[in-house]
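Take a look at the structure below.
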Amino acid sequence: MASSSFTKKTLGLDTAEPALTPPPVTNNTSFAKKPKPRSKSKKRDIPEGLWTKCPKCATMVFDKELDENLKVCPRCQHHFPVGSRERIHSLVETCTFEEMDADMVSVDVLNFTGVASYTTKLEEYQKSTGLKDAVITGVGKIGERRAALGVMDFSFLGGSMGSVVGEKLARLIERATEKALPLIIISTSGGARMYEGMFSLMQMAKTCAALAYHAKARLPYLSVLTHPTTAGVMASYASVGDLILAEPGAMIGFAGPRVIKDTTQAELPPGFQTAEFLLDHGLIDAIVPRREIKPRLIEYLSFMTDGQKPAVAA
Ligand SMILES: [Zn+2]
């Protein structure tokens with residue numbers, strides 16, 4: 001081996017030969033190492049679209065299993081985000097849901113332009129999510145009872161509340177009042193939709209005003225908070241339920257921790273924006289795992305509308 005390399009160097013004449021000589025000179029071990037990246041790429045290829053890694057316990061969960069378990073990790077019970085349509089499907093009896101205002105779409109009143117214009121943002125999200133805006137509303141049967149149901153979707157612009165979310169919810173609440181129906185709103189939101197400026201903030205007062213009439217009619221309103229429910233939504237209709245439920249581990253709050261710390265100049269307790277902390281401090285009435293939400297809603301609705309339970313207890 002060594003002798004052959006010397007001959008080439010000393011001669012320097014054979015132009016065809018160098019192609020043959022370098023391979024023996026280079027370490028064979030380098031060839032042995034090469035397959036490693038291949039195996040890595042294989043590992044990356046297999047799980048796509050079939051498995052999801054749980055962010056809490058790092059278990060690889062089979063997507064089918066995750067769907068069957070209502071997007072809850074079977075090992076550590078971590079609650080993954082759920083789309084509004086899936087959520088409605090899991091709560092309402094089949095073929096009983098009548099959607100309201102399905103085609104209501106936001107208007108770019110302010111001609112808002114940031115990185116992209118609000119109009120193009122809306123179009124993008126409408127295409128990628130198949131939704132018109134961040135909430136679906138309608139009337140359906142949950143168990144034996146008809147109820148007005150509004151379900152927010154975080155995948156549409158962070159579940160932000162613009163004029164469509166506010167208007168659809170206000171109309172839902174008004175329908176519930178008119179038809180004497182109990183109301184359930186399942187929230188998830190990053191807050192008000194800044195692209196609509198003042199118009200998004202007005203929705204807080206509008207939805208709460210409609211809720212006040214619903215309450216005057218002595219009809220129950222159940223608010224379900226899911227991860228995350230924050231800012232303008234938490235500061236309006238999400239926090240004024242007759243009964244406020246939350247999913248385990250949900251982040252619930254108004255402003256982010258940094259803003260609160262700077263404003264109050266106080267040390268914040270650990271985990272102060274979680275459902276568990278807020279249950280301990282009385283803001284939330286119960287933490288209900290996703291699979292139990294439907295039976296619990298049925299139970300609470302029957303308790304609040306018929307008063308069956310106290311009658312049995314008496
Ligand atoms: Zn997990």
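First listed ligand is number 1; within each ligand, the first listed atom is number 1. No experiment lies behind these values; they were computed from the predicted model shown.
- The distance from atom OG of S160 to atom OH of Y125, rounded to the nearest 0.5 Å, is 8.5 Å.
- Counting only residues at least two apart or in different chains, ring-ring contact (aromatic ring centres under 6.0 Å, His included) contacts with residues 233-267 are absent.
- Neighbours of the Zn ion (ligand 1) restricted to protein N, O or S atoms under 2.8 Å: the count is 4.
- L225 forms part of a hydrophobic cluster together with M234, I244, I252, I260, L268, F272, F277, L278, L279, L283, I284, I287, judged by ILVMFWY side-chain heavy-atom separations under 4.5 Å.
- Contacts of V115 classified as side chain to side chain contact (heavy atoms under 4.5 Å, CB included), with partners at least two apart in sequence or in another chain: none.
- Ring planes of F112 and Y195: perpendicular class, angle over 60° (limits at 30 and 60°).
- By the 6.0 Å contact criterion, NZ on K294 is enclosed, its count of non-hydrogen atoms from other residues, nucleotides or ligands being greater than 12.
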